[in-house]
Amino acid sequence: MSLLAVAGVTKRFGGVVANRDVTFEIRPGELVGVIGPNGAGKSTLFDLITGFERPDAGTVRLDGRDVTRLRPDEISRLGVARTFQKLRPFPGMTTLENVMIGAFQKTSDVGAAREAARAALAAVGLADRADAHAGGLSTGQRKRLELARALATGPRLLLLDEVTGGVDQATVPGLVRLVRDLHATGLALVVIEHNMRVIMDIAQRVVALQLGEVIADAPPAEIVRDPRVIDVYLGEAWRA
C-alpha cells in the first residue's frame with residue numbers, strides 16, 4: 001500500500017508546463033531521490049504535494065485520501081513535512097523558538113511544543129545550539145534547523161529540497177548521515193538532490209524528471225545507466 005500516490009499531476013504557469021502527467025508512489029518507510037536538471041519541475045512537484053500550489057490536473061493522495069485541494073497546514077497535520085531550498089529561518093529568534101513553530105502544528109501547549117522542539121534539535125545534532133539565535137548559525141546548521149522544524153511537526157513523510165545544497169564539502173557527509181539516521185527510524189523520505197554521489201549513497205529508488213515529465217523511475221544502479229537520464233542530466237562524462 002502506498003503512503004503517497006501522485007497520479008497524472010500537471011501544473012502550468014501561463015504557457016510554461018512545470019509538471020506534466022507526473023505519476024509515482026512512495027511506500028511507507030521508503031527513501032526516494034528526485035533528480036533532474038534545473039527547471040525540470042522538482043520543487044514545483046514538492047509544492048503540489050504539500051499544498052503550496054494546486055495542480056491543473058491529476059491527484060495527490062495520502063494513505064488513499066485525496067489531499068489535492070487541501071491547504072499546506074492541513075496536509076502538514078496529516079503527517080507530511082518539507083524543507084525548502086532557500087533557507088528562511090526567523091533570524092531574531094532562537095533555534096528552539098524556530099523549531100517550536102513547527103511543533104505548534106500538533107499542539108497548542110507551549111510546554112509540549114518546547115519539549116518536542118528540544119527532541120527535534122537533539123535528533124539533528126543542534127541540542128547545544130537551542131538558545132543561539134538562528135541568524136548566527138552556519139549554512140550547514142541552518143540546514144539542520146530546517147530539518148528540526150519539519151521533524152517537530154511529527155511527520156510520516158518528509159520531503160527534503162536539496163539538503164546538501166550550498167554547503168561546503170566537509171559538511172556534506174554529516175548531512176548524509178543525518179538523512180540515513182532519520183530514515184532508520186522508519187520515516188519515509190523524498191529527497192531532491194543534485195549531488196549524484198549522495199543520491200547513489202542513500203536512495204532506494206530514484207525518480208528522474210525532465211521538462212516536468214518523469215523519464216525514469218528505478219533503483220539508483222539502473223538510473224545511472226538509463227540513456228535518457230545520461231543524455232539530459234548526467235552527461236557524457238558520466239557515461240565515460
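- The existence of a salt bridge linking Glu74 and Arg77 is excluded, since no basic side-chain nitrogen approaches an acidic carboxylate oxygen closer than 4.0 Å.
- Arg65 has no carboxylate O lying under 4.0 Å from a charged side-chain N of Asp63, or vice versa, which leaves the two without a salt bridge.
- A side chain to side chain contact (heavy atoms under 4.5 Å, CB included) with Val198 holds for exactly one of Val172, Val179, Val163, Val191; it is Val172.
- Residue Glu213 forms a salt bridge (charged side-chain N to carboxylate O under 4.0 Å, His left out) with just one option from Arg228, Lys11, Arg20, and that option is Arg20.
- Judged by distance alone, the side chain of Asp56 and the main-chain N or O of Arg12 form a donor-acceptor pair under 3.5 Å.
- Of the possible polar contacts, one joining the Gln204 side chain to the Leu31 backbone as a donor-acceptor pair under 3.5 Å is found.
- In this structure, Arg82 forms a cation-pi arrangement with Phe84, its terminal cationic atom sitting closer than 6.0 Å to the ring centre and no more than 45° off the ring axis.
- If you take CG on Leu78 and OG1 on Thr153, they are separated by 11.0 Å, rounding to the nearest 0.5 Å.
- In this structure, Leu175 CG and Leu147 CG are separated by 7.5 Å, a value rounded to the nearest 0.5 Å.
- Residues Leu209 and Ile215 are not in side-chain contact: their nearest non-hydrogen atoms beyond the backbone lie 4.5 Å or more apart.
- In the hydrophobic cluster analysis, where Ile, Leu, Val, Met, Phe, Trp and Tyr join through side-chain heavy atoms closer than 4.5 angstrom, Val32 is grouped apart from Ile223.
- Remark: Lys42 fails to qualify as a cation-pi partner of Phe46 under the 6.0 Å distance and 45° angle criteria applied to the six-membered ring.
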- request: Let me see the working for Thr171 and Asp168 under side-chain hydrogen bond (donor to acceptor under 3.5 Å, both in side chains), right down to the final yes or no.
  value: CA-CA 6 Å; Thr171 303; Asp168 61 83; 3.0 Å; yes

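- Clustering ILVMFWY residues whenever any of their side-chain heavy atoms sit less than 4.5 angstrom apart, transitively, puts Leu45 in a cluster other than the one holding Val16.
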task: Go through Ile26 and Leu157 one step at a time and tell me if the side chain to side chain contact (heavy atoms under 4.5 Å, CB included) criterion holds.
output: CA-CA 9 Å; Ile26 306 296; Leu157 173 63; 4.3 Å; yes

task: With side-chain hydrogen bond (donor to acceptor under 3.5 Å, both in side chains) as the test, would you mind laying out the steps for Glu193 and Thr164 before giving the verdict?
output: CA-CA 7 Å; Glu193 182 58 63; Thr164 68; 2.8 Å; yes

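- Side chains of Leu151 and Leu187 form a contact here, defined as non-hydrogen atoms less than 4.5 Å apart.
- Around the CZ atom of Arg142, the shell of radius 6.0 Å holds more than 12 heavy atoms that belong to other residues, nucleotides or ligands.
- The number of heavy atoms from other shown groups lying within 6.0 Å of CZ (Arg69) is above 12.
- A distance of 9.5 Å separates CG in Leu70 from CG in Leu62, rounded to the nearest 0.5 Å.
- Residues Leu96 and Val99 share a hydrophobic cluster, clusters being chains of Ile/Leu/Val/Met/Phe/Trp/Tyr side chains in contact below 4.5 Å.
- In this structure, the side chain of Glu146 does not engage the main chain of Lys143 through any donor-acceptor pair within 3.5 Å.
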- prompt: What do the steps show when you test Thr68 against Arg61 for side chain to side chain contact (heavy atoms under 4.5 Å, CB included), and what is the final call?
  reply: CA-CA 7 Å; Thr68 312; Arg61 294 183 179 275; 5.9 Å; no

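- Rounding to the nearest 0.5 Å gives a distance of 11.0 Å between CZ of Arg177 and CG of Asp201.
- Transitive grouping of hydrophobic side chains (ILVMFWY, heavy atoms separated by less than 4.5 Å) brings Val6 and Ile192 into a common cluster.
- Although no hydrogens or angles enter the test, the distance criterion places no donor-acceptor pair under 3.5 Å between the side chain of Thr107 and the main chain of Phe104.
- From Leu48, atom CG reaches atom OG1 of Thr59 across 11.5 Å, with rounding to the nearest 0.5 Å.
- Here the shortest heavy-atom pairing between Thr139 and Gly166 reads CG2-O, 3.8 Å.
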Which donor-acceptor pairs under 3.5 Å do side chains of residues 109-133 form with protein atoms, sequence neighbours excluded?
unit_1: Asp109; atom_1: OD2; unit_2: Gly111; atom_2: N; d: 3.1
unit_1: Asp109; atom_1: OD2; unit_2: Ala112; atom_2: N; d: 2.7
unit_1: His133; atom_1: NE2; unit_2: Gly92; atom_2: O; d: 3.4

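- Of all heavy-atom pairs spanning Ala134 and Asn98, the tightest one is CB-ND2, 3.6 Å.
- Listed here is the closest heavy atom pair of His183 and Glu30: NE2-C, 3.8 Å.
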message: Could you go through Ile49 and Leu159, starting from their C-alpha distance and side-chain angles, then the distance that decides it, and tell me whether this counts as side chain to side chain contact (heavy atoms under 4.5 Å, CB included)?
response: CA-CA 9 Å; Ile49 292 170; Leu159 312 181; 3.8 Å; yes

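- With Gln105 contributing its side chain and Gly102 its backbone, the two residues share no donor-acceptor pair below 3.5 Å.
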- request: Check the pair Phe90, Arg149 against side chain to side chain contact (heavy atoms under 4.5 Å, CB included), reporting the backbone distance first and the verdict last.
  value: CA-CA 11 Å; Phe90 297 97; Arg149 189 162 52 192; 3.8 Å; yes

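- In plain terms, the two heavy atoms of Gly36 and His194 that are nearest each other are O-CE1, 3.4 Å.
- Linking ILVMFWY side-chain heavy atoms closer than 4.5 Å, directly or via other members, places Phe24 and Leu189 in two distinct hydrophobic clusters.
- Between the side chain of Ser2 and the backbone N or O of Arg27 there is no donor-acceptor pair closer than 3.5 Å.
- Using a 4.5 Å heavy-atom cutoff, the side chains of Pro89 and Leu145 are in contact.
- Proximity of Val229 to Asp231: side-chain heavy atoms (C-beta onward) are nowhere separated by under 4.5 Å.
- Atom-to-atom distance recorded for Ile35:CD1 and Gln210:CD is 11.0 Å, nearest 0.5 angstrom.
- At least one donor-acceptor pair closer than 3.5 Å links the side chain of Arg225 to the backbone N or O of Ala221.
- In plain terms, the two heavy atoms of Ala40 and Asn19 that are nearest each other are O-ND2, 4.5 Å.
- Remark: side-chain polar atoms of Thr83 are paired, donor with acceptor, to backbone N or O of Asp161 under 3.5 angstrom.
- Under the 3.5 Å distance criterion, the side-chain polar atoms of Arg156 are left unmatched by any main-chain donor or acceptor of Leu3.
- No side-chain heavy atom of Val206 sits less than 4.5 Å from a side-chain heavy atom of Asp217.
- Taking each heavy atom of Asp66 and Val60 in turn, the nearest pair found is OD1-O, 3.5 Å.
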